[in-house]
Amino acid sequence: MKKVYLETFGCQMNVSDSERVATVLESENFEMTPDEDSADIVLFNTCSVREKAEHKLYTRIGQIRKLYSKKKIVGVLGCVAQLEGETLFDKNPSIDFVLGTKAVGRVSKAIESVLEGRSKFLDVGEREPDYDWSVAETQKHSPYISFVPIIEGCNKFCTYCIVPFSRGREKSLPAPEIIRHVHKLHRQGVKEVHLIGQNVNSYRPKTSEGLEDFRGATAFSKLLRAVAATGIARIKFTTSFPRDFHTDIIEAINENENLCNWVHLPVQSGSNKILRLMRRGHTIENYFERIDKIKTSDRKISLTTDIIIGFPNESEVDFQDSLKMVDYCQFDSCYIFKYSPRIGTPAYQFEDNVSVEEKKQRFIELEERQRLNQHRIFKSYLNKTVQVLVEKKSSQNNFDLSGRTSCHKVVQFKGSAALLGKIVDIEITESKSNTLYGKVLNTFV
Ligand code: 5AD
Ligand code: SF4
């Protein structure tokens, strides 16, 4: 039996695609291995959102070839594969096959072709009409948490972003399929599902089938209510797009305890000038209106975001607007990225005129501002009780276990392995910048 080692870069969609790639391979009599050394086939599921992620691919292929010469088959999957297609073979002639973002269902065919002696196999075609979205029990990234894709691709074309090119146009999965999937996971004992997609709240299925019995201002908030009605313990969803973020989503969260109190709403910049250049489709005032609704909700909803610094023409004044925005929003967490020009995007035509040094300075300043705010937010959890889904053994020696709250914060605590997969009440006794620490009070489901 041939052994396959699969390494995944990038977003949850890639993690989710990799789970299904492994599921297909296992059913086709390949053995998945976490050990690259013993593998016959090495697969990279790639990310192209920033240059750094793409470079990592070339570095890793170089390492594999140096260590094992031509002994292993190397396949490139995902976003870089989709964008580069055939040119990947020119960039790195030691690659054996290339499979685009929607061709991953045909991974075993690609491997078989190479094993039969075909070189440079390429498939950047569409998904099969009857593509199977299920994941084998053995290939899930967690036994208690499952990713459930609800929409693929993106139609927004923000000027800096490669995703509409690497993942194609938005395509929503039919609601009955999603709901059946969640019911099945619930029956299997899964505690938390993450409804995933580049823009989940742009969810627009072809028909309203499966959603007729649910209220909602948009198809997405109907879907949230429908998934809540399955009775699964926890539902999270990422990523949301500000322009399509209808406040009915907050109503749905307020009405349903199992819709988790966490919203990830990337803002990208605090400056209207930059938001316009990014073609985000929202102003900072529109964004603040949504934030006000989230902050005044009946439930304490945590808020996280993505910000890009150093976009072309970002002046000091624009950057100060981003600092003010961060103070206004009081994010529970924030991913900050330095602008990275991507070939093929509209912004690639703009001059990348914020210097490396300025980008570095702005990154540090924004990170520090967020750190101060976050420290205060995390401290406000001291002596409070939170419910934690126990996910894994802790990587820190002093603590045994680690999990996340409904508001998506990491909590570490002492306890026996019997608590894994359970939802427990934890009293918070200590807070650090990114983690809460506490002690177990009660065990629930
Ligand atoms: N440069 C830097 N950051 C980017 N992102 C997307 N494209 C780029 C780019 N070209 C960031 C955005 C997005 C997150 C997933 O990655 O903040 O929300
Ligand atoms: Fe990229 Fe914008 Fe689409 Fe998000 S909404 S994936 S940033 S184009």
Side-chain angles (χ1 to χ4, degrees), residues 1-125 127-128 131-132 135-142 166-167 395:
M1 201 186 264
K2 296 277 184 205
K3 289 186 177 176
V4 182
Y5 169 80
L6 168 60
E7 196 167 302
T8 307
F9 307 126
C11 66
Q12 291 157 317
M13 203 49 110
N14 270 14
V15 174
S16 167
D17 282 342
S18 285
E19 289 179 337
R20 278 173 274 110
V21 164
T23 301
V24 167
L25 288 175
E26 208 180 41
S27 74
E28 301 277 340
N29 282 324
F30 289 95
E31 182 186 334
M32 299 306 295
T33 171
D35 169 36
E36 101 185 12
D37 202 48
S38 66
D40 304 293
I41 299 135
V42 175
L43 303 180
F44 294 106
N45 193 3
T46 58
C47 170
S48 55
V49 83
R50 282 170 294 277
E51 200 183 3
K52 239 190 199 164
E54 201 170 324
H55 272 163
K56 211 154 117 192
L57 167 69
Y58 301 119
T59 310
R60 286 292 290 126
I61 296 176
Q63 284 168 346
I64 297 287
R65 287 303 182 215
K66 195 166 166 209
L67 276 171
Y68 313 107
S69 69
K70 271 296 282 176
K71 271 187 258 150
K72 295 182 196 295
I73 291 177
V74 170
V76 179
L77 282 55
C79 293
V80 178
Q82 184 71 38
L83 289 165
E84 298 284 340
E86 200 141 26
T87 59
L88 256 183
F89 297 123
D90 303 331
K91 283 194 175 168
N92 192 322
S94 77
I95 295 170
D96 294 299
F97 70 91
V98 168
L99 272 190
T101 45
K102 296 183 182 181
V104 289
R106 297 183 286 277
V107 60
S108 55
K109 187 177 160 223
I111 297 176
E112 298 291 359
S113 297
V114 176
L115 286 171
E116 282 162 16
R118 191 163 153 192
S119 70
K120 307 200 188 322
F121 180 93
L122 171 76
D123 182 353
V124 287
R127 263 197 216 287
E128 303 79 347
Y131 179 76
D132 186 357
V135 174
E137 199 63 26
T138 45
Q139 300 304 337
K140 288 172 60 185
H141 73 284
S142 157
S166 60
R167 291 237 164 228
S395 49

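Each residue takes its place number in the sequence, starting with 1. Computed from a predicted structure; not experimentally measured.
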- Query: Can a donor-acceptor pair be found between the side chains of T101 and Q82 at a distance below 3.5 Å?
  - Reply: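 Yes.
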- Any donor-acceptor N or O pair under 3.5 Å, side chains Y68, D37: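 Yes, D37 and Y68 have a side-chain donor paired with an acceptor closer than 3.5 Å.
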Nearest 0.5 angstrom please: [X] [atom1] to [Y] [atom2], how far?
X: F97; Y: L88; atom1: CZ; atom2: CG; answer: 12.0 Å
X: I64; Y: S94; atom1: CD1; atom2: OG; answer: 10.0 Å
X: L122; Y: E84; atom1: CG; atom2: CD; answer: 12.0 Å
X: F30; Y: K3; atom1: CZ; atom2: NZ; answer: 14.0 Å
X: L43; Y: L6; atom1: CG; atom2: CG; answer: 5.5 Å
X: D132; Y: T23; atom1: CG; atom2: OG1; answer: 8.5 Å

- Task: Apply the test side chain to side chain contact (heavy atoms under 4.5 Å, CB included) to residues N29 and M1: give CA-CA distance (whole Å), side-chain angles for both, the deciding distance (0.1 Å), then the verdict.
- Result: CA-CA 7 Å; N29 282 324; M1 201 186 264; 4.3 Å; yes
Kindly indicate whether the side chain of [X], heavy atoms from C-beta on, has any atom under 4.5 Å from the side chain of [Y].
X: H141; Y: V135; value: no
X: Y58; Y: V80; value: yes
X: F121; Y: I111; value: no
X: M32; Y: T138; value: no
X: I61; Y: V76; value: yes

How far apart are the closest heavy atoms of [X] and [Y], and which atoms are they?
X: C47; Y: A53; value: O-CB, 3.6 Å
X: G125; Y: K102; value: O-CB, 3.6 Å
X: V124; Y: G85; value: CG1-CA, 4.5 Å
X: A81; Y: L99; value: CB-O, 3.2 Å
X: T46; Y: G78; value: OG1-C, 3.7 Å
X: Q63; Y: R60; value: OE1-NH1, 2.6 Å

- Between Y131 and V104, does a side chain to side chain contact (heavy atoms under 4.5 Å, CB included) hold up when you go through it step by step? CA-CA 10 Å; Y131 179 76; V104 289; 4.1 Å; yes
- Message: Pair L25, I41 - check side chain to side chain contact (heavy atoms under 4.5 Å, CB included), show working.
- Response: CA-CA 11 Å; L25 288 175; I41 299 135; over 6 Å; no
- Message: Considering only residues two or more places apart or on different chains, which pairs with a residue in residues 108-121 satisfy salt bridge (Lys or Arg N to Asp or Glu O under 4.0 Å)?
- Response: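 Salt bridge (Lys or Arg N to Asp or Glu O under 4.0 Å) check on residues 108-121 returns no pairs.
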- V21 vs N45, side chain to side chain contact (heavy atoms under 4.5 Å, CB included): CA-CA, chis, key distance, verdict: CA-CA 10 Å; V21 164; N45 193 3; 5.6 Å; no
- Query: Run the salt bridge (charged side-chain N to carboxylate O under 4.0 Å, His left out) check on E36 and K72 step by step: do they pass?
  - Reply: CA-CA 10 Å; E36 101 185 12; K72 295 182 196 295; over 6 Å; no
- Item | Backbone N/O of Q12 and side chain of S16: donor-acceptor pair under 3.5 Å |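 Checking the backbone N and O of Q12 against the side chain of S16, no donor-acceptor pair under 3.5 Å is found.
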